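Heads up, the thing below is written out as structure tokens.
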Amino acid sequence: MKKLLYSLLLLCYALPVLAEDGYRLWLRYDKISNPTLLSAYQSQVTAVYAEGNSDILNAAKEELTHGFSGLLDRKITVTSALTDNSIVIGTPQSSPLIASLQLSQLEQLSSEGFTIFSRKIKEKNCIIIAANTDAGVLYGSFHLLQLAQTQQKIINLAVISSPRIQLRILNHWDNLTRTVERGYAGFSIWKWHLLPGYIDPRYKDYARANASIGINGTVVNNVNANAQILTKEYLLKVAALAKVFRIYGIKIYLSARFSAPIELGKLKTADPLHPEVKEWWKKKVDEIYTYIPDFGGFVVKANSEGQPGPQNYQRTHADGANMLADALAPHKGIVMWRAFVYSNETPVDRTKQAYNEFKPFDGQFKSNVILQVKNGPLDFQPREPFHPLFGALPKTPVMMEFQLTQEYLGQGTTLVYQAPLMKEVLDADTYRNGKGTTVASVIDGSAEKHTLSGIAGVANIGDDRNWCGHPFAQSNWYAYGKLAWDPLTSADKIADDWIRMTFTNDPAFVTATKKMMLASRETVVNYMTPLGLHHIMGDGHHYGPSPWSDRLGRADWNPVYYHRADTAGIGFDRTEKGSNALEQYAPEVRKIYQDPATCPEEYLLWFHHISWKQPLTSGKTLWEELCAKYYGGVEEVRSMQKNWELLKGKVDEERFAHVHMLLAAQEKEAVWWRNACLQYFSTFSKMPIPAGYEQPDQTLDHYKAIRVLNAPGNGGGN
Ligand code: GCV
């Protein structure tokens, strides 16, 4: 009886650990299910051998032993002598053994790159992970684990890999109150009130997850910044986080509030050219480095959406960025100055304003300033053309900002894999230096040989047990890291690996799930904003459709500003006849987009106002095509539901049920989008939704009356 009770007790303890609640992300390391492969791996890996003991090397050893022990279902340990079938890790500096191999391939690697290969050393078969730095060794260790997790070969490799982009950063829009702006996965994971004393174990797991995909920086507070973060009290908390992250090669950065000298320093001004202001920032930065010697620098949102900035003092963005850059330069810190600025006082198409603001300052920024530009010229829409600034600032390093959190992509309920969206932008040709000057080549610095290069992803992480809310939202964190390391990787490959590591290697599951993921972004576009429509979401919270909204204070916050539907047609004319936003692109790009006949249909209504009866390539009129897209989008969600049902039993109950319920919610939302938008647009087109389609079961007035109260991520103190 006692024994039984004891076993039951053990089971109770074991259950939460075994539960597939998504906490382990893609780092699950469960026993390899394929017996042949398992025994092959078991004979190829029996131990880890490392010379050197830095924190990062120890993290690599810990990950390898933990990971391979799980995958191989036997204890893998670090040995003090080289044994047969060891994984040998190190750098020439940390390891005399690695140094003795005189590896010429290390010369090809950047400081964070790694090489993996097999070699017999002292008659022992070894898998070697070598790099120029400990961080490179850590990345290589994760790479080897990922090969095993995805059931690929792990011996006789010839891997040589370096990140193409230098700064690979997450931006948390986390407030000090622990609310998260545009966050749909709970509260902030930073427990500010308990720091620096209490170190939540999550911080380490967060750092591990980031390191596993090569992310090497994190901005822990919202760009709508609270100056409080720069006080000693908070800096000590930040330093405690930095200590955990450093072990995983991750630097910490902060969002700086431009008016901090007034709020914290009691100065009368924050004018960037004022000597006292310069001095205040210099001292503040020096102070930060006493607590965090490897502090990365600042990101700044200035003169945007009510945030203070240099223009409050009739100074320029360059004046503001350069003043902070001067304070950071002695410590090798950088400034990521955001280009997301627009003003409603200027009656200029909002999508043109960032270019107008920054183009004149090309070449005027200090060498430790990088401009952070959103992927498109508006604001993280389901689809936007690439931002014209990527093709316009040859003398300035420009970094990408993607949004992983799904502010405009259905938020917490929607299954949308964003790698195709990211790839579309990264692969786009700016023609800046002639054909082939892709956005990726601009942000990785290669187009202009800039030494500073970067990419940022607005994090979709919260304190939900599974980190990202929707089980599939984890794939966007993962995909972002993988594309930051190498923008040339395909969305297909990233999805394939992620599914195998996160769910299962079962080929039927992988094929079906990958198909669903790869199509999911287009599905969302189809039922939300097809054919180039944009920003017709619920005002303020951006959840659900609201194309009729015109009540917000400024024109360019309102959907009617963007779709411009009238009885003649629909769409925003951005050609010469309209706002001429097209003038901001290279002539080759302009040429493609300026003629509705050559403009890809996915951007048609972004660049053109088109008559309802205009025939499109399908032979349908614009109105008919719009209907077909909205209806198609809903049908695609229904197919996702059917396909997911077929996968029952192939994954754990818990995550199966979670996704099942969310897909049902997504289907309802898709119908809501379709019915609301088409009924509203039909008041302009004066044409009905064609017979043969299932007709809306609610009136337009019903949809207009829907009020979404307390949508997460919208407002709340910072
Ligand atoms: C952090 C959009 C979002 C805001 C966000 C802003 C930005 O406008 O709705 O919540 O603010 O972008 O990127 O600064």
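Computed from a predicted structure; not experimentally measured. Throughout, residue positions are numbered sequentially from 1 according to the sequence presented.
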Can Tyr248 and Tyr206 be said to form a ring-ring contact (aromatic ring centres under 6.0 Å, His included), step by step?
CA-CA 10 Å; Tyr248 287 88; Tyr206 165 86; over 10 Å; no

Ser118 (side chain) donor-acceptor with Ile127 (main chain) under 3.5 angstrom:
no

Tell me yes or no: between the side chains of Thr150 and Gln152, is some donor less than 3.5 Å from an acceptor?
yes

Quick one: do Arg202 and Asp200 make a salt bridge, cutoff under 4.0 Å?
no

How long is the gap from CG on Leu72 to CZ on Arg74, to the nearest 0.5 Å?
7.0 Å

Salt bridge present between Asp55 and Arg246 (N-O < 4.0 angstrom)
no

I'd like to know whether His143 forms a ring-ring contact (aromatic ring centres under 6.0 Å, His included) with Phe114, so could you lay out the CA-CA distance, the side-chain angles of the two residues, the decisive distance to 0.1 Å, and finally the verdict.
CA-CA 9 Å; His143 186 85; Phe114 57 84; 5.3 Å; yes

Taking atom types as modelled, find out whether Asn171 and Gln372 have a side-chain donor-acceptor pair closer than 3.5 angstrom.
yes

Can we say Asp486 and Lys482 salt-bridge, meaning some charged N sits less than 4.0 Å from an Asp/Glu carboxylate O?
no

Can a side-chain donor-acceptor contact be found between Ser94 and Thr91 if the only test is distance below 3.5 angstrom?
yes

Check for me whether the distance between the ring centres of Tyr198 and Trp190 falls short of 6.0 Å.
no

Can you check whether Ser111's main-chain N or O pairs, donor with acceptor, with Thr133's side chain at less than 3.5 Å?
yes

Over 60° means perpendicular and under 30° means parallel, so classify the ring planes of His66 and Tyr29, tilted if in between.
perpendicular

Check ion pair Asp497-Arg500 (N to O, under 4.0 angstrom)
no

Hey, are Ser490 and Asp492 close enough side-chain-wise for a donor-acceptor pair under 3.5 Å?
no

If you measure from the Lys or Arg side-chain nitrogens to the Asp or Glu carboxylate oxygens, is any gap between Asp21 and Arg465 under 4.0 Å?
yes

Lys/Arg cation over aromatic Trp467: Arg24, 6.0 Å, 45° cone:
no

With a cut-off of 6.0 Å (strictly less than), are more than 12 heavy atoms of other residues, nucleotides or ligands near OH of Tyr289?
yes

Examine Tyr41 together with Phe68 and report whether their ring centres are nearer than 6.0 Å.
no

For Asp174 and Ser188, does a side-chain donor sit closer than 3.5 Å to a side-chain acceptor?
yes

Out of the candidates Phe656, Trp26, Phe472, only one should pair with Phe503 under the ring pair (Phe, Tyr, Trp, His ring centres under 6.0 Å) rule; please name it.
Phe472

Tyr480 and Trp485 aromatic centres sub-6.0 Å:
no

Answer yes or no: is there an ion pair linking Lys251 with Asp294, defined by an N-O contact shorter than 4.0 Å?
no

Between the side chains of Asn132 and Glu112, is a donor N or O closer than 3.5 angstrom to an acceptor N or O?
no

Using 4.0 Å as the upper bound for N to carboxylate O, is an ion pair formed by Lys204 and Glu62?
yes

